Amino acid sequence: MKLAIGSDHGGYSLKKEIIKVLDELQVSYEDVGCDCETSVDYPDYALPVAEKVTSGEVDRGILICGTGIGMSITANKIKGIRCALVHDVFSAKATRAHNDSNILAMGERVVGPGLAGEIVKAWLDTDFEGGRHADRIGKIADIEEKELTAES
Ligand code: RB5
């Protein structure tokens with residue numbers, strides 16, 4: 001398992017905590033930035049993580065900003081990305097089992113480091129169940145292919 005991880009300034013401190021967890025778990029990762037608490041734009045970090053996932057350079061990604069919302073909105077614009085914004089352990093397991101989420105987004109201003117670490121562990125440890133859930137993911141892929149708009 002190899003991960004890509006990224007944050008903006010609003011998620012930088014939590015990213016450092018999550019990296020400690022990944023080190024403890026001996027999970028390898030590539031940190032795409034940011035590297036300090038100077039204000040930056042979250043799409044600039046969501047995009048490289050998403051591209052590394054869709055290219056197969058890494059298996060999955062983790063994105064952190066103040067709320068996790070901007071990161072998840074951005075990542076989900078990239079074809080093939082299923083980014084789940086998660087702030088509880090139940091959802092971390094469910095989104096792996098049912099949605100095969102390939103990016104986990106969290107908000108530093110929403111969740112503390114202890115719970116965030118447990119969320120990461122649950123998300124990494126849970127396998128996709130496939131079956132009917134795979135059919136549903138196929139329908140998401142169909143929507144991506146059609147690039148549907150409100151008018152279509
Ligand atoms: C930055 O202030 C903040 O807007 C960002 O980290 C994130 O919460 C956006 O969704």
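All values reported here derive from a predicted model rather than from experimental measurement. First listed ligand is number 1; within each ligand, the first listed atom is number 1.
Side chain to side chain, Tyr12 and Asp35 fail the donor-acceptor criterion of an N or O pair below 3.5 Å.
Interface atoms of ligand 1 facing Tyr42, defined by a heavy-atom separation under 4.0 Å, are 9 (C), 10 (O). Less than 4.0 angstrom separates some heavy atom of Gly70 from each of these atoms of ligand 1: 9 (C), 10 (O).
Looking at Gly66 next to ligand 1, an N or O pair under 3.5 Å apart turns up. Residue Gly68 has no N or O atom closer than 3.5 Å to an N or O atom of ligand 1.
Using a 4.0 Å cut-off between heavy atoms, Asp8 contacts ligand 1 through its side chain alone, with no backbone atom that close.
Under a 3.5 Å cut-off, the side chain of Lys52 and the backbone N or O of Val32 do not form any donor-acceptor pair.
Using a non-hydrogen distance threshold of 4.0 Å, Arg109 registers as a contact of ligand 1. The shell of residues lying under 4.0 angstrom from ligand 1, judged by heavy atoms, includes His9.
In this structure, atom 8 (O) of ligand 1 has a protein heavy-atom contact shorter than 4.0 Å.
Residues Arg96 and Ser101 are in side-chain contact: their nearest non-hydrogen atoms beyond the backbone lie under 4.5 Å apart. Taking 4.5 Å as the limit, every side-chain heavy atom of Ile62 sits out of range of all side-chain heavy atoms of Ile103. Two residues are said to be in side-chain contact when any heavy atoms from C-beta on lie closer than 4.5 Å; Leu115 and Val89 meet this criterion.
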Which donor-acceptor pairs under 3.5 Å do the side chains of residues 63-83 make with protein atoms, sequence neighbours left out?
from, atom 1, to, atom 2, distance (Å)
Thr67, OG1, Ile69, N, 3.0
Ser72, OG, Gly68, O, 3.0
Ser72, OG, Ile69, O, 2.9
Thr74, OG1, Gly70, O, 2.7
Asn76, OD1, Cys83, N, 2.8
Asn76, ND2, Ser72, O, 3.1
Asn76, ND2, Cys83, O, 3.0
Lys79, NZ, Glu145, OE2, 3.1
Arg82, NE, Asn99, O, 3.0
Arg82, NE, Asp100, O, 3.2
Arg82, NH2, Asp100, O, 3.0
Arg82, NH2, Asp100, OD2, 3.3

